[in-house]
Amino acid sequence: MSKVTEIFGTMVFDEAVMREKLPPEAYERMALTLKKGKRLDIETANIIASAMKDWAIELGATHFTHWFQPMTGVTAEKHDSFIAPSKDGKIIMDFTGKELVSGESDASSFPSGGLRATFEARGYTAWDPTSFAFVKDNTLYIPTAFCSFGGEALDGKTPLLRSMEAVNREALRILRLFGNDTVTAVKSTVGAEQEYFLIDTEMFDRRPDLIYTGRTLFGAKAPKGQELDDHYFGIIKPRVKEFMAELDEELWKVGVLSKTEHNEGAPCQHELAPIFGTTNIATDHNQLTMELMQKIAKKHGMVCILHEKPFSGVAGSGKHNNWSLSTDTGANLLEPGDTPFENAQFLLFLTAVIKAVDDYQELLRISVASAGNDHRLGASEAPPAVVSMFLGDEITAVLDAIENEGSVDAKDKEMMKIGVHVLPKFPKASSDRNRTSPFAFTGNKFEFRMLGASASIASANIVLNTAVAEVLKRFADELEGASDFNSALHNLIRRTVIAHKRILFNGNGYDDAWIAEAEARGLANLRTTPDALDRYLDEKNIKLFTENKVFSENEMKARHQIHMERYAKVLNIEARTMVGMVRGSILPAVAKYVRELSEAGIAARDFIGNAPLTFERETVALLTELSEKAYALMKALDSANIEAKALKCPRDRAHAYKNTVLPLMEELRVAVDSMERRVPAKDWPYPSYGNILFGVK
Ligand code: ADP
Ligand code: MG
């Protein structure tokens, strides 16, 4: 594998390159920015820009771009070339500190939820120096945050960085309480496992639904799905293997630590897992991963589908957000320690996450809400829409003992006092791994599994970091004022466990009985995106984000509006695509087949007289009935769509789409899929599920 070490990070302006290319003084100042978040002065920025430019040009770059994540969920870039006129009428390759640090961008085509008045259509991008610049496609990419001129965040990066600051601040207070004076920074870390489908380009190109909406809006089940589990355990097909090899190589070049590539549950579904990193970098890297997946798939004659539920009846695609907190001295704060002292601290962080998830369960649900993910959450293969936490038997036993201190025998009671001296050694990594829990403790990190495959991981981590920061803040307030730290700590942990144990659930999250129990426990079950979004502006959520300086109330209102609008837009496109497919291709194809079958029946009767013609009669009758039904539903869908779209208020629009358009889409699909089962494949206008799912040889 020497090749990997040779290519890894070759296209990244990372610390090693900086040390080599920058004058020592500039490097020192940059290192302070990286470690402590110190602001860079313009002189240093100029020096870095010039070194960065020379380095990028050597790697073939002619352009640079401020790379950012507007609220569309995808990344955006605007390319400028390095060229500048020189005095002698020729050109020089130029790139200044100012161009590195910030850029202006016409923001009018990105959603802002009313934050940007139309007369001030500009937004600006600001370099995030903690996420390294890289070269891709002859362009120097500079990771940036995107704001309006009023300073309001127009992207996912700005609030993510703010949430990381909040969790850093409050976690440090807790560490100080445990007497730790050496740690100077706490960062949240993330490893995002990415699921995706790969299908043949030829099949994709023949499906308008895949082209316009990223998912199939029709499609009768193939005779075979994923029931044999043969895809997961099967060998990776040569064509897919070549794709994965090239993807790994391209990711390594830009510094993404792609670690595992394997097949997933559904036919033609796969997964990539990177090695975890600091959250803002992991977020950038996940965006890069999705982008490169799509680009490289094309080169191999395939299309990479990132939609959460591209095919009905087979597993959808999610993203597992593995999350923890890590110190600049290399300690993982969610790692049970070797000593009682370390374990007391571990338990405090663990209970902080428990409280955060319980208190802000609606926000966590909202952070993964999208029209696409609605088809997945609650379906049988993915976590339900109810947020709950799995801790495993060992940790649960420890928490039970803490809770029941009065009722266990004297020895255990002593054992379970959370003090600096008496806490028992913890069993290491929990062995039983629950795959159905939305939020599972996996030994030294939490795995949040509700994220959809296509979304940026920024939203989920903004909520997670901020909610945990808020709880740590309250914990620190209480403990800093305590006269006896150990007993205050013990009381706090015990009280928190008792108050929030309703969020803990170690059983099967797909079970219907659990959903009923969860509701009885008072947990939120927000089944759809509009329902979830209705809770976004709850007072407690506004308080959380504004007090921790992650969002202003205006930014929250803007986001609320953008997400409602986005939901309605997605459904509008889906409805129009369905209407078009039914009217333009499906009904004419069915009519043609019905005519052929009727004519064949008439001919047969003329030929042999009194023929029973059961097949022809029944098929013609059934298809005629279904086609009448589909036609009526198609017209109803068309008008429901027009009506919903006309609503002025984004919230009303989203709810109208959910309440009137979506059910019609589902009904229409049932009628069309029944017709597909009765029309010969050669007469059906679109490739079947079988062709698509088993089409990559
Ligand atoms: P799974 O069994 O879910 O496939 P893996 O161990 O393959 O789990 O992957 C788990 C993911 O969690 C990897 O991306 C890994 O880098 C990441 N991870 C491990 N430790 C941490 C941590 N401390 N913080 C964040 N992510 C982590
Ligand atoms: Mg996982």
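Note that ligands are numbered from 1 as they come in the structure, with each ligand's atoms numbered from 1 the same way. Computed from a prediction, not measured in an experiment: that's the story for all the values here.
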Partner set under ring-ring contact (aromatic ring centres under 6.0 Å, His included) for Phe197, not counting sequence neighbours: Phe311
Evaluate the ring planes of Phe243 and His300, with Trp represented by its six-membered ring, and classify them as parallel (under 30°), tilted (30 to 60°) or perpendicular (over 60°). perpendicular
I'd like to check whether Glu193 has a polar contact with ligand 1, where a contact means an N/O of the residue lying under 3.5 Å from an N/O of the ligand. yes
What about Phe439 and Phe446, are their ring centers closer than 6.0 Å? yes
Specify side chain, backbone, both or neither for Lys259, according to which of its non-hydrogen atoms lie closer than 4.0 Å to ligand 1. neither
Taking heavy atoms and a distance under 4.0 Å, where does Asn332 meet ligand 1: side chain, backbone, both or neither? side chain
Taking only non-hydrogen atoms of Glu447 and a 4.0 Å limit, the atoms of ligand 1 in range are 3 (O)
Go through ligand 1 atom by atom and flag the ones less than 4.0 Å from a non-hydrogen atom of Ser324. 22 (C), 23 (N), 24 (N)
Could you pull out every donor-acceptor pair under 3.5 Å between side chains of residues 458-470 and any protein atom, sequence neighbours left out?
| residue | atom | partner | partner atom | Å |
| --- | --- | --- | --- | --- |
| Asn461 | OD1 | Asn321 | ND2 | 2.9 |
| Asn461 | ND2 | Asn321 | OD1 | 2.9 |
| Asn461 | ND2 | Ile457 | O | 2.9 |
| Asn465 | OD1 | Ser188 | OG | 3.1 |
| Asn465 | OD1 | Trp323 | NE1 | 3.0 |
| Asn465 | ND2 | Ser163 | OG | 3.2 |
| Asn465 | ND2 | Ser188 | OG | 3.3 |
| Asn465 | ND2 | Asn461 | O | 3.2 |
| Thr466 | OG1 | Ile462 | O | 2.6 |
| Glu470 | OE1 | Lys473 | NZ | 3.3 |
| Glu470 | OE1 | Asn548 | ND2 | 2.9 |
| Glu470 | OE2 | Arg474 | NE | 2.9 |
| Glu470 | OE2 | Arg474 | NH2 | 3.2 |

Go through ligand 1 atom by atom and flag the ones less than 4.0 Å from a non-hydrogen atom of Ile275. 16 (O)
Check the pair Glu250, Lys253 against salt bridge (Lys or Arg N to Asp or Glu O under 4.0 Å), reporting the backbone distance first and the verdict last. CA-CA 5 Å; Glu250 291 306 313; Lys253 281 190 204 162; 3.1 Å; yes
Using modelled atom types and a 3.5 Å cut-off, is there a donor and acceptor pairing between side-chain atoms of Asn280 and backbone atoms of Lys157? no
So, Glu362 and Arg365, do they make that salt bridge, N to O below 4.0 Å? no
Between His320 and ligand 1, find which residue part has any heavy-atom pair under 4.0 Å and reply side chain, backbone, both or neither. neither
Under 3.5 Å between some N or O of ligand 1 and some N or O of Trp323? no
Kindly identify the option in Lys187, Lys445, His262 whose heavy atom sits closest to atom 18 (N) of ligand 1. Lys445
Quick check: Pro274 and ligand 1, any N/O pair under 3.5 Å apart? yes
